[in-house]
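Every chain is numbered from 1, with letters handed out A, B, ... down the list of sequences. These figures come from a predicted structure and were not determined experimentally. We use all heavy atoms of the structure for the numbers below, so side chains are in, but hydrogens, waters and symmetry mates are not.
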Amino acid sequence: MLDLKFIRENPDLVRDAIRRKKETDRIGEILQLDGNRRELLRKSELIKSDRNRIADEVAKLKRQGQDASALIAEGKSKGDDQKGIEEDLRKVEDDLNELAMYVPNLPHSSVPVGNGSEDNVETRRWGEVRKESDFDFKLLDHLTLGEKLGILDFARGSKVAGAGFPVYLGKGAALERALINFMLDLHVTKHGYTEVFPPFVVNKASMRGTGQLPKMAEDMYHCEIDDLYLVPTAEVPVTNLRRDEVLSVEELPTKYTAYTACFRREAGSWGKESRGFLRVHQFNKVELVKLVKPEESYDHLEKLVGDVEEVLQLLNIPYRVMLLCTGDLSFSAAKCYDIEVFAPATEAREGWLEASSCSNFESFQARRANIRFKRDAKSKPEFVHTLNGSGLATSRLMVALLENYQTPEGKVIVPKVLHRYTGFTVID
RNA sequence: GGAGAGGUGGCCGAGUGGUUGAAGGCAACGGUUUGCUAAACCGUCAUACUGGGUAAACUGGUAUCGAGGGUUCGAAUCCCUCCCUCUCCGCCA
């Protein structure tokens with residue numbers, strides 16, 4: 001969330017950002033509540049100060065063995081006065097905090113202004129994009145291919161859990177595991193991330209910390225009895241590892257990578273692009289998370305994107321990097337690149353599938369999650385900047401892999417870098 | 001799940017109703033001393049919110065002893081609820 005003081009002092013900047021991100025502008029109410037809060041706070045603190053003074057004087061009198069009943073009576077009535085004010089204050093604070101949670105992060109100045117995905121800017125492209133017409137045989141899409149090879153089973157996934165819970169079988173399961181291990185190893189050994197295997201469920205405080213709550217409540221799986229949420233992304237447990245901590249400057253940048261399964265209800269988003277792997281309730285993802293110094297966060301964003309790109313380059317899967325415009329930028333992000341892989345047999349979005357999203361949240365999450373650092377022993381703690389990116393989600397990656405690596409015989413060649421993980425070179 | 005013990009500042013640890021934001025120690029920071037290091041000595045040593053002040057220095061107030069509520073003129077200290085940690089027992093992958 002944003003600093004209330006910042007909102008108070010720069011309401012127009014914030015309003016502008018809200019408009020660009022197409023969120024609801026409730027800044028007027030926030031400013032009003034903030035004024036009320038400060039007024040009530042002043043009143044309440046004045047009374048408390050009186051009460052403290054009275055209590056001290058009572059103590060003094062008692063020590064001297066004198067009568068203090070007049071003061072005690074006064075203290076009692078002050079206490080009654082305070083109750084009413086305190087109640088009002090708490091209500092105002094609750095309302096204010098709730099509203100403040102719904103104020104989005106400000107887009108960075110380098111983010112193009114735009115309405116939606118049509119205004120995103122392609123910043124670069126890598127690999128050979130071979131369209132369907134470039135192949136001299138009839139391409140199969142990932143679903144058909146997966147079923148024919150017996151490596152994917154959506155029907156049985158529906159039986160045991162429900163639609164959108166895919167099942168991987170045999171070499172498909174092995175390939176999935178290989179991808180995960182390959183990506184983790186690359187990020188750990190080559191890019192210097194620390195591997196984390198976090199819990200797959202988190203509490204409310206964690207969900208608030210990274211900004212999924214309260215806005216995205218509908219999209220989470222929630223275990224009511226224990227009040228726990230299934231993680232929608234490893235970003236949540238991993239970023240929250242350091243919640244309420246003050247890091248030393250030597251710890252920055254802190255870089256984590258983690259595999260988790262990701263669970264999303266995807267409420268209301270069924271319809272187009274929902275065939276097969278394109279939209280599922282459970283998928284696998286290797287996530288990258290960085291906690292960095294504020295002045296370095298934009299350099300780190302570029303490096304983060306580079307770390308993700310290397311995965312695709314090693315797998316030799318064509319992709320493009322999209323800089324999201326203000327209208328497509330998520331609630332918490334200040335700047336975000338999407339990495340889209342190309343899947344030649346997929347009709348949706350002309351074959352370009354979002355496989356990674358790399359964002360700089362600046363201090364937005366750090367403020368919510370209260371993650372700070374000290375430049376040295378004497379300086380005040382400052383909020384870190386947090387970044388994260390999928391490095392990558394395997395579901396969409398699997399689509400691109402199967403479709404790009406298929407042969408005229410309906411087999412799939414395993415990319416070379418995965419051989420040492422799979423133990424086989426062809427799926428047939 | 002059952003029984004017990006406990007959660008105090010960066011860390012250790014005292015404190016069972018009244019100048020306790022919290023003794024003492026360690027660590028850290030500044031300084032004195034020192035050929036260097038060590039030691040010794042002196043000092044500083046929480047955070048947030050809020051008011052005054054020049055959005056500085058400085059300064060007033062409030063809150064914070066796991067969290068939330070209650071009792072009281074007054075709570076780290078008494079009562080209730082919850083969370084977490086440890087030990088033992090049970091159950092279990």
- request: Mind calculating the distance between CD (E86(A)) and P (rA63(B)) to the nearest angstrom?
  value: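 Interatomic distance, CD of E86(A) to P of rA63(B): 9 Å.
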Is [X] near enough to [N] that one of its side-chain N or O atoms lies under 4.0 angstrom from OP1 or OP2?
X       : N       : value
R38(A)  : rG51(B) : yes
R37(A)  : rC49(B) : no
R90(A)  : rG69(B) : yes
N370(A) : rU47(B) : no
K62(A)  : rG18(B) : no
R63(A)  : rG17(B) : no
S49(A)  : rU62(B) : yes

Salt-bridge present (E310(A), K190(A); N to O < 4.0 Å):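 Yes, E310(A) and K190(A) are salt-bridged.
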field: N-O pairing of R26(A) and E98(A) below 4.0 Å
entry: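 Here R26(A) does not pair with E98(A) in a salt bridge, since their nearest N and O are not under 4.0 Å apart.
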Select one nucleotide: of [options], the one nearest the side-chain heavy atoms of [X].
X      : options                   : value
A55(A) : rG18(B), rG61(B), rA63(B) : rG18(B)
K48(A) : rU62(B), rC49(B), rC73(B) : rU62(B)
N52(A) : rG69(B), rA63(B), rG18(B) : rA63(B)
V58(A) : rU71(B), rC73(B), rG51(B) : rC73(B)

- prompt: Of A59(A) and L71(A), whose closest RNA chain B nucleotide lies nearer the 5' terminus?
  reply: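 Looking at the nearest nucleotide for each, A59(A) comes out on the 5' side.
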Of K76(A) and D50(A), the one whose closest RNA chain B nucleotide lies more 5':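 Comparing both residues, the 5'-ward one is D50(A).
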query: For R8(A), which contact category applies under a 4.0 Å heavy-atom criterion: base, sugar-phosphate, or nothing?
result: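 If one applies the 4.0 Å heavy-atom cut-off, R8(A) turns out to touch the sugar-phosphate alone, with no base involved.
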message: So K5(A), base contact, sugar-phosphate only, or nothing? Heavy-atom distance under 4.0 Å.
response: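 It contacts sugar-phosphate atoms only.
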query: Between Y259(A) and F197(A), what is the ring plane arrangement, given parallel below 30°, perpendicular above 60°, and tilted in between?
result: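 Taking F197(A) first and then Y259(A), their aromatic rings stand perpendicular (interplane angle over 60°).
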query: When the ring planes of H191(A) and H187(A) are compared, do they come out parallel, tilted or perpendicular, using 30° and 60° as the limits?
result: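 Ring orientation, 0 to 90° scale: tilted.
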message: Distance check, P atoms only: rA14(B) and rG68(B), in whole angstrom units.
response: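 Those two atoms are separated by 25 Å.
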task: Sort out the partner of rC88(B) for me: Watson-Crick or G-U wobble, both distances under 3.5 Å, none otherwise.
output: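 Partner of rC88(B): rG2(B).
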- prompt: Given I427(A) and I151(A), is the side-chain contact (heavy atoms from CB on, under 4.5 Å) satisfied, shown in steps?
  reply: CA-CA 9 Å; I427(A) 301 177; I151(A) 57 173; 3.8 Å; yes
